[in-house]
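Contents: one structure, followed by commentary.
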Amino acid sequence: MNREHYSNENLHSSEKLHVVYASDDKFAEILGVSLTSLYENNKDMEQIHVYVLDSKISEENKKKLSSVSTVYNRSSIHWIPAKDISEELHMDVAIDRGSLSQYARLFVSSVLPADLKRVLYLDCGIIINQSLNELWNLNMYGKTIAALKDAFSKWYRANIDLKPTDIMFNSGVMLIDLKRWKEQKVEKKLLKFIASKNSRIQQGDQGTLNAVLSHDTYCFEPRFNSVTIYYDISYKKMMVYRKPPEFYTEEQIKEATENPVIIHFTTSFLSRRPWIEGCQHRYVGEWMRYKGMSPWKDEKLWEYKKATGVKEIGIKLTQKLPRKLMISLTGIAQAYVRPVVNKLFG
């Protein structure tokens, strides 16, 4: 595959990597596994600076996370108290996905060191499978962020004031040009958008980022953020299921699953995440390997909690259908019904 767009432009030192995570206490263990994989696969980096937007992580878990850095002889973790989005806007901000701590990343430009020009944001539910040197030195072609093009239908775009063919991206891996982020007053625009929607936004913080940065995003190859849906269903079925207006090629998705730089264990009704009992993801063994190298090696996996109510009924019904029919029907729900429900009920 032609990778000329990923040649080192010598814009950033390949020896100094700046990574930011956001976590609460519940996900500290998941962060610890990700951190272990980061250090293990980036020994070519002379310096790795890790910043954690801290949403009340316990002192015990902070000590464990700090011990990971010590084991690899890396710089101490920079603990940064996470800003509370509800306090910043003086309103109760609705959670459409994940936890409220994820909104902390909207404030990267005002809480990270002022002289920092570029940073790589990573979700906790990620393992780094290869060196990040290529991604870190990516040419972003003047855009504020580089991220993965996500597979959502045009109806999702309408709910956050985007046009049918505008870019929607997955915000779990974002290479951020902090200098441009500040120049474009992105933080101010993000808060203004949340307020304009009375804090009820489809996909919460990710929806907000998409609404503001859709036209200022460079879409990198999917191998830099290999998400779970790539492993759950085939490429053709994914196109039926998600119905994206524009997407990557089948060849690019295949490389993303066979040679991923970053493996992102995103939520899916078709599978479980590796820290939950019963996960069958292709790379669950890799996640378990890094867990075994972390201070949480003896911790039990999280108990699988079955869905309840309407969601439980829906899952049971789809499980009884032939897989092809199940994908088609759930695709209708995913592409059309869900965004309509989001629009009507917030």
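Owing to the predicted nature of the structure, the values given are computational and were not obtained by experimental measurement.
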- If you measure only the distance, is there a donor-acceptor pair under 3.5 Å linking the side chains of Ser171 and Arg105? yes
- Item | Partners passing side-chain contact (heavy atoms from CB on, under 4.5 Å) against Lys297 (at least two apart in sequence or in another chain) | none
- Tyr231 and Ser271 side chains, donor-acceptor separation under 3.5 Å: no
- Is the count of non-hydrogen atoms from other residues, nucleotides or ligands lying under 6.0 Å from Lys189 atom NZ greater than 12? yes
- Item | Pair Lys179-Asp115, salt bridge (charged side-chain N to carboxylate O under 4.0 Å, His left out): steps then yes or no | CA-CA 9 Å; Lys179 183 174 181 290; Asp115 60 343; over 6 Å; no
- Message: With no hydrogens and no angle check, just 3.5 Å: does a side-chain donor-acceptor pair link Tyr235 and Thr249?
- Response: no
- Item | Lys/Arg cation over aromatic Tyr248: Lys149, 6.0 Å, 45° cone | yes
- Message: Can you tell whether the side chains of Lys43 and Glu40 come within less than 4.0 Å, N to carboxylate O?
- Response: yes
- Message: Under a 4.0 Å threshold between the charged nitrogen and the carboxylate oxygen, would Glu134 count as salt-bridged to Arg223?
- Response: yes
- Can you find a pair of side-chain heavy atoms, one from Trp296 and one from Val33, that are under 4.5 Å apart? no
- Message: Taking ring pair (Phe, Tyr, Trp, His ring centres under 6.0 Å) as the definition, give me every residue that meets it alongside His264, ordered by chain and number, with sequence neighbours left out.
- Response: none
- Can you tell if the side chain of Asn41 reaches within under 4.5 Å of the side chain of Ile127, non-hydrogen atoms only? no
- Item | With Lys143 via salt bridge (charged side-chain N to carboxylate O under 4.0 Å, His left out) - residues at least two apart | none
- Message: Run Leu148 and Val173 through side-chain contact (heavy atoms from CB on, under 4.5 Å) and show every step you take.
- Response: CA-CA 7 Å; Leu148 175 79; Val173 177; over 6 Å; no
- Item | Between Trp302 and Phe27, ring centroids under 6.0 Å | yes
- Is the shortest distance from a Lys or Arg side-chain nitrogen in Lys254 or Glu250 to a carboxylate oxygen in the other one below 4.0 Å? no
- Query: Going from CG on Leu17 to CD on Gln47, what distance comes out if it is rounded to the nearest 0.5 angstrom?
  - Reply: 10.5 Å
- In short, Arg118 meets His18 closest at the heavy-atom pair O-CB, 3.9 Å
- Task: Hey, could you give me each pair passing salt bridge (charged side-chain N to carboxylate O under 4.0 Å, His left out) that has a residue in residues 283-292? Not counting sequence neighbours.
- Result: Glu286-Arg289
- Will you find, in the side chains of Gln130 and Asn42, an N or O donor that is under 3.5 Å from an N or O acceptor? no
- Task: Check Trp136 against Leu120 and note the closest heavy-atom contact, atom names and distance.
- Result: CZ3-N, 3.8 Å
- pair His49-Arg74: side-chain heavy atoms closer than 4.5 Å: no
- So does Lys117 pair up with Asp177, basic N to acidic O under 4.0 Å? no
- With sequence neighbours excluded, what pairs up with Asp216 under the salt bridge (charged side-chain N to carboxylate O under 4.0 Å, His left out) test? Arg180
- Query: Which pairs pass salt bridge (charged side-chain N to carboxylate O under 4.0 Å, His left out) with one or both residues in residues 49-58, sequence neighbours excluded?
  - Reply: Asp54-Lys62
